[in-house]
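Data first, discussion second: the structure below is written as structure tokens.
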Amino acid sequence: MHNRTLEIGVGIFVALGLAALLMLAMKVSNLGALTADGGYELQARFDNIGGLKVRSPVTMAGVRIGRVAEISFDNETYEAVARMTIEPQYNRLPKDTSASIFTAGLLGEQYVGLEPGGEEAFLEAGDEIRMTQSAVVLEQIIGQFLYSKASEGDGGKGP
Amino acid sequence: MDLLQQLGQVGLQAFQRLGRGSLFFFQVLLGFPELIRRFHLVVVQMWSVGVRSLLLIVVAGTFVGMVLSLQGYNTLVDFGAEESLGVLVALSLVRELGPVVSALLFAGRAGSALTAEIGLMKATEQLAGMEMMAVDPLRRIVAPRLLGGILAMPLLAALFSALGVIGGFFVGVGLLGVDDGAFWSQMQTKVDLSDDILNGVIKSVVFGVAVTWIAVFEGYDTVPTSEGVSRATTRTVVHSSLAVLGLDFVLTALMFNG
């Protein structure tokens with residue numbers, strides 16, 4: 001009899017431990033969000049990707065519809081090429097969809113935001129997104145701001 | 001000259017112990033296949049090292065998660081990033097605190113008990129008696145305890161982490177008013193299954209092997225007197241805690257330096 005309660009106790013313990021692992025896997029990690037590994041790939045070229053990383057989210061209207069699968073550098077055009085995996089159920093992105101790199105919050109991570117166009121035809125696997133907008137680099141903005149301020153000052157006194 | 005001799009003696013003894021410990025470990029490992037047939041021995045050990053550590057782990061995990069949440073909130077709120085609280089709590093628990101703290105508690109709760117049990121068996125010559133009856137104490141006594149500890153440790157660490165996340169959730173969302181959805185969704189985007197959770201499980205398995213191995217070896221190698229048993233028990237707790245902390249640094253450096 002004692003043996004039985006003991007075995008039941010161990011059984012509960014193991015079940016609890018496995019349930020905790022399952023909870024960690026499903027609720028805490030990204031397993032729950034990753035439905036299927038499948039999906040189709042799109043490409044986009046950017047002049048500057050800023051802090052974009054592999055596995056950064058790809059969103060449309062703020063909803064994550066895929067992830068960045070690979071980032072490479074094109075030696076010919078000096079552009080960054082980002083390959084993105086889009087989940088298979090989102091297969092109705094217009095051909096003239098544009099891609100931009102945004103930052104989530106002030107210090108947040110960077111992500112690719114897609115903006116739908118108006119064309120009838122849809123993007124298919126392997127297609128490239130033509131219209132892209134690079135990441136905003138803070139130093140460049142500050143530089144431009146200073147430059148424009150300086151030229152304003154010149155404009156007042158200049159010839 | 002005497003000093004040098006003493007130094008050498010201490011060094012040699014340390015290496016001898018290490019060698020004996022390793023040989024002992026492999027001898028016990030040889031007994032593992034047999035345990036599949038007599039798994040009830042392991043179940044009994046899992047009861048004593050696992051189930052009976054449950055209360056400690058449950059309470060400790062919940063409170064560690066709650067404290068993490070409170071402290072993390074105070075820092076994050078200055079940056080307006082309190083929605084990352086879930087990430088902070090989950091990553092610290094799954095990567096470090098879950099495996100390490102539960103291994104330390106496990107060493108104190110279960111490791112010391114294992115050493116005392118085996119040490120007393122040796123002091124009262126029960127182990128010698130078994131050998132007289134042609135029963136190998138390594139296979140009958142030590143192997144089930146080692147396997148039970150190795151199996152119990154990852155489960156305890158997983159429970160610790162999961163309850164810590166839940167405790168952190170209650171404090172963060174219930175008490176401090178962090179947004180419920182942001183807490184979970186940020187956690188889910190930042191915590192990776194293989195990078196974080198699997199590595200945490202690997203850590204806890206390694207710690208389980210280290211702590212249980214040290215505990216059963218100290219018990220088996222004890223000087224068979226009451227003083228010897230008490231010293232062996234102390235050594236188990238000290239050595240396994242140090243081993244856990246040292247191994248944790250090595251494992252972290254290997255896993256998360258990318």
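Remember, predicted model here, so these are calculated numbers, not experimental data. Lettering of chains follows the sequences in order, A, B, ..., and the numbering in each one begins at 1.
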Problem - Region of B/Val43 that comes under 4.5 Å of a non-hydrogen atom in chain A - result: both

Practice task
Would you indicate whether the side-chain heavy atoms of A/Asn3 and B/His40 approach each other to under 4.5 Å?
Solution key: no

Practice task
Check whether any side-chain heavy atom of B/Val165 sits under 4.5 Å from a side-chain heavy atom of A/Met23, and report yes or no.
Solution key: yes

Fill in the blank from the handout: The reported gap from CG in B/Leu159 to CZ in A/Phe13 (rounded to nearest 0.5 angstrom) is 7.0 Å

Exercise for the section: Mark yes when over 12 heavy atoms from residues, nucleotides or ligands other than A/Phe122 sit less than 6.0 Å from its CZ; otherwise mark no. Expected result: yes

Problem - Other residues, nucleotides, ligands: >12 heavy atoms within 6.0 Å of B/Phe170 CZ - result: no

Handout entry: Heavy-atom neighbours of A/Tyr147 OH exceed 12 at 6.0 Å
Key = no

Fill in the blank from the handout: Looking only at B/Asp196, B/Val87, B/Leu155, B/Val51, the option with the highest number of non-hydrogen pairs under 4.5 Å against chain A is B/Leu155

Practice task
Count the heavy atoms of every other residue, nucleotide or ligand shown that sit under 6.0 Å from CZ of B/Arg140, and state whether that count exceeds 12.
Solution key: no

Handout entry: B/Arg52, CZ: over 12 other non-hydrogen atoms inside 6.0 angstrom
Key = no

Practice task
Return yes when atom CD of A/Glu115 has more than 12 non-hydrogen atoms of other residues, nucleotides or ligands closer than 6.0 Å, and no otherwise.
Solution key: no

Problem - Straight-line distance of B/Trp47 CH2 to A/Thr5 OG1, nearest 0.5 Å - result: 6.0 Å

Fill in the blank from the handout: Nearest heavy-atom contact between B/Ala158 and A/Leu21 is CB-CG, 3.6 Å

Completion exercise
Output for pair (A/Leu24 CG, B/Leu198 CG), nearest 0.5 Å, gives 11.5 Å

Practice task
Specify which of B/Ala81, B/Ala90, B/Ala152, B/Ser48 makes the most heavy-atom pairs with chain A at under 4.5 Å.
Solution key: B/Ala152

Completion exercise
Taking every heavy atom of A/Ala25 against every heavy atom of B/Leu193, the minimum-distance pair comes out as CB-CD1, 3.6 Å

Problem - Distance-minimising heavy-atom pair for A/Leu16 and B/Leu54 - result: CD1-CD2, 4.2 Å

Problem - A/Met26 versus B/Gln188, closest heavy-atom pair with distance - result: O-NE2, 4.2 Å

Exercise for the section: Identify which part of A/Leu18 has an atom lying under 4.5 Å from any heavy atom of chain B, answering side chain, backbone, both or neither. Expected result: both

